[in-house]
Amino acid sequence: MTYSLSEILKQYEKFPQVMAIALGGSGAAKTSDLNSDIDVYVFVTEDIPISLREELVRKISSKYEVGGEYFGSGDEFFVDKLNKQLDVMFWNVQWFEDVVKNVWEKFYPSNGYTTCFLYTLSIFEIIYDTDNWLKNLQNKIKTEYPTELQKNIIQRNIMLLKDKPFASYYEQIEKAVKRNDLISINHRIAAFLASYFDIIFALNKMLHPGEKRLIQYCKNHCKILPEKFEENINNLLSHSDKLLILDDIIDNLRKIL
């Protein structure tokens, strides 16, 4: 067996369950660095037996993890001859169709990261595609960003930040600060920022690119940003007066909504 990336991907094409294969992640987004792995998305109509996946992987890798299922169905392995790590994710065809439909056509918002899977779809470099199934999904989200989706994302996530009468992220952080519960503070601030960025991307009618390099991505691509955007986020993560900074973040966000 040869060891080029294209030849490895052709081995996955041979599984009868596979409908499409695409490259994604930082490689497809042109933001990869020396520490980046290669993200491979394999779309399947049903699960490929783990034994067959491992049989493929162990021919090309001396260090691998197959069937771990820690972050969904997927295999991670280091390709010896390529000196590169591959992260192969197996996504069910029907599930992914439903994700696109629920967000882009039914306008369902989430608690942060609402359009992340759609962003992933938008940047795919399609390698293999039965009946143009994946390309057709890509074309579906090339339409104008739905105003109803924008409204729903903002409405849901602004409530989560502070407006909910009970258990808003602000209230949860406030209680954690009073208890000096550092782990809870960290956990709830992460959730707060997830909703905060979801609002910013929706406001700009942009798909959410995920959790990496978000400050720089927003500065490079978002036309509408709150005052003290970067300063407040940095202060929130490094200073002790969390609630005062959260108040300023929320106030500045409201000014642009």
Side-chain angles (χ1 to χ4, degrees), residues 71-72 95 98-120 141 144-219 221-257:
F71 307 105
W95 167 80
D98 289 343
V99 167
V100 175
K101 184 175 183 179
N102 287 337
V103 176
W104 206 246
E105 297 178 13
K106 295 184 177 180
F107 318 127
Y108 293 165
S110 301
N111 296 355
Y113 300 105
T114 298
T115 57
C116 278
F117 284 125
L118 274 62
Y119 174 84
T120 299
I141 65 168
E144 184 179 352
Y145 193 109
T147 300
E148 188 74 11
L149 176 62
Q150 178 193 45
K151 182 184 74 173
N152 290 347
I153 292 173
I154 293 173
Q155 183 179 41
R156 180 182 185 90
N157 285 280
I158 198 70
M159 290 292 292
L160 284 164
L161 294 188
K162 194 176 182 181
D163 290 352
K164 280 177 88 284
F166 300 100
S168 69
Y169 293 140
Y170 185 95
E171 181 185 350
Q172 293 177 57
I173 294 167
E174 185 177 33
K175 289 180 178 178
V177 168
K178 289 177 179 177
R179 296 174 182 132
N180 196 30
D181 187 343
L182 299 182
I183 293 175
S184 182
I185 291 170
N186 182 67
H187 187 262
R188 292 295 84 192
I189 285 177
F192 177 97
L193 288 174
S195 284
Y196 176 69
F197 278 105
D198 219 24
I199 292 169
I200 288 175
F201 288 120
L203 183 62
N204 285 273
K205 289 195 168 185
M206 294 174 56
L207 300 177
H208 193 313
E211 61 183 8
K212 298 176 182 177
R213 307 181 181 97
L214 282 183
I215 292 176
Q216 193 60 49
Y217 188 90
C218 285
K219 290 169 63 178
H221 299 286
C222 293
K223 295 180 180 179
I224 307 170
L225 285 175
E227 293 179 15
K228 298 166 64 178
F229 166 71
E230 183 174 11
E231 176 187 346
N232 270 338
I233 293 175
N234 289 337
N235 287 340
L236 178 64
L237 298 176
S238 60
H239 291 187
S240 59
D241 200 347
K242 307 295 187 187
L243 297 178
L244 185 64
I245 299 166
L246 286 172
D247 281 327
D248 200 34
I249 287 174
I250 294 168
D251 288 344
N252 288 330
L253 181 61
R254 293 192 198 280
K255 291 176 184 177
I256 62 174
L257 294 180

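The analysis underlying the following values was restricted to heavy atoms, covering all of them including side chains, and did not include hydrogens, waters or symmetry mates. Heads up: numbering here begins at 1 and tracks the sequence.
- Remark: His239 pairs with no residue by the ring pair (Phe, Tyr, Trp, His ring centres under 6.0 Å) rule, at least two apart or across chains.
- Residues Phe192 and Phe197 have side chains not in contact (no heavy-atom distance under 4.5 Å, counting atoms from C-beta outward).
- Separating the CG atom in Asn152 from the OG1 atom in Thr114 is a distance of 9.5 Å, to the nearest 0.5 Å.
- Rounding to the nearest 0.5 Å places CD1 of Ile199 at 11.0 Å from CD of Gln155.
- The environment of Glu105 atom CD is dense: over 12 non-hydrogen atoms of other residues, nucleotides or ligands sit within 6.0 angstrom.
- Taking 4.5 Å as the limit, every side-chain heavy atom of Leu207 sits out of range of all side-chain heavy atoms of Thr120.
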For residues 246-257, dump all side-chain donor-acceptor pairs below 3.5 Å to protein atoms at least two apart in sequence or in another chain.
{"unit_1": "Asp247", "atom_1": "OD1", "unit_2": "Lys162", "atom_2": "NZ", "d": "2.8"}
{"unit_1": "Asp247", "atom_1": "OD1", "unit_2": "Tyr170", "atom_2": "OH", "d": "3.1"}
{"unit_1": "Asp247", "atom_1": "OD2", "unit_2": "Tyr170", "atom_2": "OH", "d": "3.1"}
{"unit_1": "Asp248", "atom_1": "OD2", "unit_2": "Lys228", "atom_2": "NZ", "d": "2.7"}
{"unit_1": "Asp248", "atom_1": "OD2", "unit_2": "Asn232", "atom_2": "ND2", "d": "3.1"}
{"unit_1": "Asn252", "atom_1": "ND2", "unit_2": "Glu227", "atom_2": "O", "d": "3.3"}
{"unit_1": "Asn252", "atom_1": "ND2", "unit_2": "Asp248", "atom_2": "O", "d": "3.2"}
{"unit_1": "Arg254", "atom_1": "NH1", "unit_2": "Asp163", "atom_2": "OD2", "d": "3.2"}
{"unit_1": "Arg254", "atom_1": "NH2", "unit_2": "Asp163", "atom_2": "OD1", "d": "2.7"}

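- In this structure, CE in Met159 is found 14.5 Å from CD1 in Ile154, a value given to the nearest 0.5 Å.
- Under the 3.5 Å distance criterion, the side-chain polar atoms of Asn102 are matched with a main-chain donor or acceptor of Asp98.
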Evaluation steps, side-chain contact (heavy atoms from CB on, under 4.5 Å), between Tyr196 and Phe229: CA-CA 11 Å; Tyr196 176 69; Phe229 166 71; 3.6 Å; yes
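- For the side chain to side chain contact (heavy atoms under 4.5 Å, CB included) test, residues two or more places apart in sequence or in another chain that qualify with Asp241 are Leu244.
- Between Lys178 atom NZ and Leu243 atom CG the span is 8.5 Å, to the nearest 0.5 Å.
- Between Ser195 and Leu160 the shortest heavy-atom distance is OG-CD1, 3.7 Å.
- Residues His208 and Tyr119 keep their aromatic ring centres 6.0 Å or farther apart.
- Taking the six-membered ring for Trp and thresholds of 30 and 60 degrees, His221 and Tyr217 have ring planes inclined between 30 and 60 degrees apart.
- Considering only heavy atoms from C-beta on, Ile153 stays 4.5 Å or farther from Leu203 through its side chain.
- For NZ of Lys164, the number of neighbouring non-hydrogen atoms (other residues, nucleotides, ligands) closer than 6.0 Å is greater than 12.
- Leu149 and Tyr108 get closest at one heavy-atom pair: CD1-O, 4.1 Å.
- At a threshold of 4.5 Å between non-hydrogen side-chain atoms, the residues Cys222 and Met206 count as touching.
- The main-chain N or O of Ile200 is found under 3.5 Å from a side-chain atom of Asn204 such that the two form a donor-acceptor pair.
- With Ser110 contributing its side chain and Tyr113 its backbone, the two residues share no donor-acceptor pair below 3.5 Å.
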From CA spacing to verdict: side-chain contact (heavy atoms from CB on, under 4.5 Å), Asp181, Ile183: CA-CA 6 Å; Asp181 187 343; Ile183 293 175; 4.0 Å; yes
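- Centroid-to-centroid, the aromatic rings of Trp104 and Tyr145 come within less than 6.0 Å.
- Between Ser184 atom OG and Ile189 atom CD1 the span is 9.5 Å, to the nearest 0.5 Å.
- Rounded to the nearest 0.5 Å, atoms CD1 (Ile233) and SG (Cys218) are 7.0 Å apart.
- Residues Ile141 and Thr115 have side chains not in contact (no heavy-atom distance under 4.5 Å, counting atoms from C-beta outward).
- The environment of Lys101 atom NZ is sparse: at most 12 non-hydrogen atoms of other residues, nucleotides or ligands sit within 6.0 angstrom.
- Of the possible donor and acceptor atoms, one in the side chain of Gln172 sits under 3.5 Å from a partner among the backbone N and O of Ala167.
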From CA spacing to verdict: side chain to side chain donor-acceptor pair (under 3.5 Å), Lys205, Thr147: CA-CA 8 Å; Lys205 289 195 168 185; Thr147 300; 3.1 Å; yes
